[in-house]
Structure formats: structure tokens, C-alpha cells
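Structure provided below as C-alpha cells; questions to follow.
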Amino acid sequence: MRRAGQLILVTLSLRLSAVCCARAAPFDTEHLFAFGVGTDVGDPGEKEIEAAVGGHFGKGRGTFSSLSTELTFQYIAASNLIVELSAAGENNDIKHVPGRADRSAAAFGGASFALTYRLLNRSTDGVGLAVFAEPHWARVDEDSGARIDGYGSDLVLAFDKEIVPNEVIGVLNIRFEPEFVRSKADGSWSHENTVNLGAGLMFRLADNVFAGLETRYFRRYDAIDFSDFAGQAFYLGPTISIALSERAWLTAGWSRQIAGRSSDGKGSLDLVNFDRQEARLAIGVSF
């Protein structure tokens, strides 16, 4: 009995030690957040494929939903450089929304090319710092479903830092989204620029499971030079990330507009320029 008890104690000690060691595995923020951008970069020569679905739901009245499906191929070109190519599809369902034509259609949405370059490595410098640029071309306006020629870019300055080593990590993003859009209906051009300040905090629940909150604040302008204020919105919601294996992951997030104001100053939310709810689900594999 004593030997059996000792064997059980040794076995439990070994399992506990293994769990502790597993929990000490470092964070990988590249796919940790649903809406935010992390600074981690994989090994040079590594390739990844990611499929993602993003949803925008709810306007002031009527039925509004916009689903974007995106397929991305990623290549780690150097120790601090990521190259990505993406193609997207759009599916819009709009009924009885003021200021928007009723529409229910699916179409090829457009394509993009992205570069991420890491300036500071969190593991050696204490804080991670990366710049992200994604020029894109769009065929469909996700806000109205109308056919367009849209040209723009997402420009992101990303920071991340471990608040509690190997247990809690935070991310901060400063994002600019200039857009030039030509309507296919009448050929007219419009311009806009959106500023987005985002932050997230993720907690390790298990070796391969992370959960936390992400918040984002948007300001939209109907001019590239920020001279024509259109509206603002503040979002908050949960995110969960699961490492399915050493080379596969799943991340899901949901966010709700909890405060906002359009340029007309009406209401406690901006449902003219922004959506009531947003969601994103991504799954990927590296090889």
C-alpha cells in the first residue's frame, strides 16, 4: 500500500510538473486576438492558410447583415517579415434600412496584399512592436452591398506586452483606414478615413485555451484629411482562442457597440456609420 501510495504521489507530481511546464509555454500573439493585431512572427520559410468569416449586424431599423468570408495565404519571408495574400467574398442582406436600398446578394468582394514587419521582439525587448500595412481593392461596399471600385489600406501600429509572464498579455493597436470609392452606379467618387484605437487583454485558461476582452474606439471622417467628422463608436466584447494543435488554431470574437454618436448628434449610438454588433471567426493551419 505504501509503495502504491508513493507511486500515485510520484505520478501526480510528474503530471502537475508537466502541466506547470506546459502553462509556462510562451504566448503567440499572431493569432491570439479576433480583432487586434499581435507582433509575433513565425519561423522563416513557414507558410500558413487561414479561413475567416466576419459579420456586421444591425442598423437603426430594419434588417441588416453583412458577411465577409476571407481566405489568406501567409508566408514568413524573413525572421521579422510576414507577407500575405487574401481574397474575399461578400454576402449582404439588407431590408427596410433607412438610406439603403433593399439588397440580398453574394459576390466576390475583392483582394488584398499585406506586409507585417516586427521592429521589437517581446521576448528580448520586453515589449513587442510591429507595423502592418494592407493595401486592398474592393468590388462590394460591405455597408450597403452596392457595386463599387474601392481602393484603400489598413495601416496599423501594434504593441503587445505580457502583464503577468505566460499568463496575461495585452495588445494595443493604432489603426488608420483611408478609402477612395467609386460608385459603379453613377461613377461618383467618395473619400473617407477611419481612425481606430483598439486594445485587448487575454488570459491563459489552459495550455492551449485563452480568453479575454477586446475594446475598440472608432472615429470616421468623410474626408482623407480628417476635416469632415461623420461619427464615432465604442465597441466591447469577448474573445476566445484555442490552439487545436501545434500547427492549427481557432479564434472567435464578438463585439457590441456600447456607445457612439453620429454627426447629427441623435441617439446614444452611431448606427449610421457603424454596426450594432460585429463578430469574427478564424481557423488556420501552418505548414
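Keep in mind that what you see is a predicted model, and the values were worked out from it rather than measured. Side chains included, hydrogens not; waters and symmetry mates left out as well; all remaining heavy atoms used.
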Just do the side-chain hydrogen bond (donor to acceptor under 3.5 Å, both in side chains) check on Glu50 and Thr72 with the steps written out, would you?
CA-CA 5 Å; Glu50 180 182 88; Thr72 300; 4.9 Å; no

So which atom in Ser144 and which in Ile94 form the shortest heavy-atom distance, rounded to 0.1 Å?
O-CD1, 3.2 Å

Kindly compute the distance separating CD (Gln257) from OH (Tyr235), expressed to the nearest 0.5 Å.
4.5 Å

Atom CG of Leu67 and atom CG of Asn92: how far apart are they, to the nearest 0.5 Å?
8.5 Å

Indicate yes or no for a side-chain donor-acceptor contact from Asp141 to the backbone of Asp143 under 3.5 Å, with no hydrogens or angles considered.
yes

Quick test of your reading of the model: are Arg118 and Asp125 salt-bridged, counting only N-O distances below 4.0 Å?
no

Spatial distance of atom CD1 (Ile224) from atom CG (Asn193) [nearest 0.5 Å]
5.0 Å

Charged N-O contact under 4.0 Å between Arg103 and Glu90
no

Sidechain-backbone polar pair: Lys59 side chain, Phe274 backbone, donor-acceptor under 3.5 Å
yes

Just by distance, do the side chain of Arg139 and the backbone of Phe108 share a donor-acceptor pair under 3.5 Å?
yes

Tell me, with the steps shown, if Tyr221 and Phe226 meet ring-ring contact (aromatic ring centres under 6.0 Å, His included).
CA-CA 5 Å; Tyr221 299 84; Phe226 309 105; 5.3 Å; yes

Backbone N or O of Asn273 within a donor-acceptor pair of the Arg220 side chain at under 3.5 Å?
yes

Evaluate the ring planes of Phe27 and Phe210, with Trp represented by its six-membered ring, and classify them as parallel (under 30°), tilted (30 to 60°) or perpendicular (over 60°).
tilted

Identified side-chain contact (heavy atoms from CB on, under 4.5 Å) counterpart of Leu201 within the set Thr239, Ile163, Ile169
Ile163

Is Glu278 paired with Arg216 through a side-chain N to carboxylate O contact shorter than 4.0 Å?
yes

One pair to check against side chain to side chain contact (heavy atoms under 4.5 Å, CB included): Leu115 and Tyr117. What are the steps and the verdict?
CA-CA 7 Å; Leu115 292 173; Tyr117 186 76; over 6 Å; no

Any chance you could measure Phe159, atom CZ, to Leu120, atom CG, to the nearest 0.5 Å?
8.5 Å

Partner of Asp160 under side-chain contact (heavy atoms from CB on, under 4.5 Å), chosen from Val127, Leu32, Thr39:
Thr39

For Ser241, run the side-chain contact (heavy atoms from CB on, under 4.5 Å) check against Arg204, His31, Met202 and tell me which one passes.
Met202

Pairwise distance OG1(Thr215) to CZ(Phe35) - rounded to 0.5 angstrom
11.0 Å

Can you confirm whether Lys184 is buried at NZ, in the sense that more than 12 heavy atoms of other residues, nucleotides or ligands lie under 6.0 Å from that atom?
yes

Measure across Leu271 and Gly58 and return the closest heavy-atom pair with its distance rounded to 0.1 Å.
CD2-O, 4.5 Å

Sub-3.5 Å donor-acceptor pair from the side chain of Gln74 to the main-chain atoms of Leu85, do we have one?
no

If we ignore angles and hydrogens, is there a donor and acceptor under 3.5 Å between the side chains of Trp254 and Gln277?
yes

When you look at Phe64 and Phe57, which way does the ring-ring contact (aromatic ring centres under 6.0 Å, His included) test go after all the steps?
CA-CA 6 Å; Phe64 178 88; Phe57 309 98; 8.4 Å; no

Flag for Glu179-His136: side-chain donor and acceptor within less than 3.5 Å
yes

Counting N and O atoms only, with roles assigned by atom type, does the side chain of Glu214 sit under 3.5 Å from a partner on the main chain of Gly36, one being a donor and the other an acceptor?
yes

Polar side-chain atom of Ser153 near backbone of Leu155 as donor-acceptor pair, under 3.5 Å:
no

In this structure, NE2 of His56 is separated from CZ of Arg280 (nearest 0.5 Å) by 10.0 Å

Do Arg182 and Asp149 sit within salt-bridge range, that is, some charged N less than 4.0 Å from a carboxylate O?
yes

Please check this pair: side chain of Ser66 against backbone of Glu142, looking for a donor-acceptor N/O pair closer than 3.5 Å.
yes

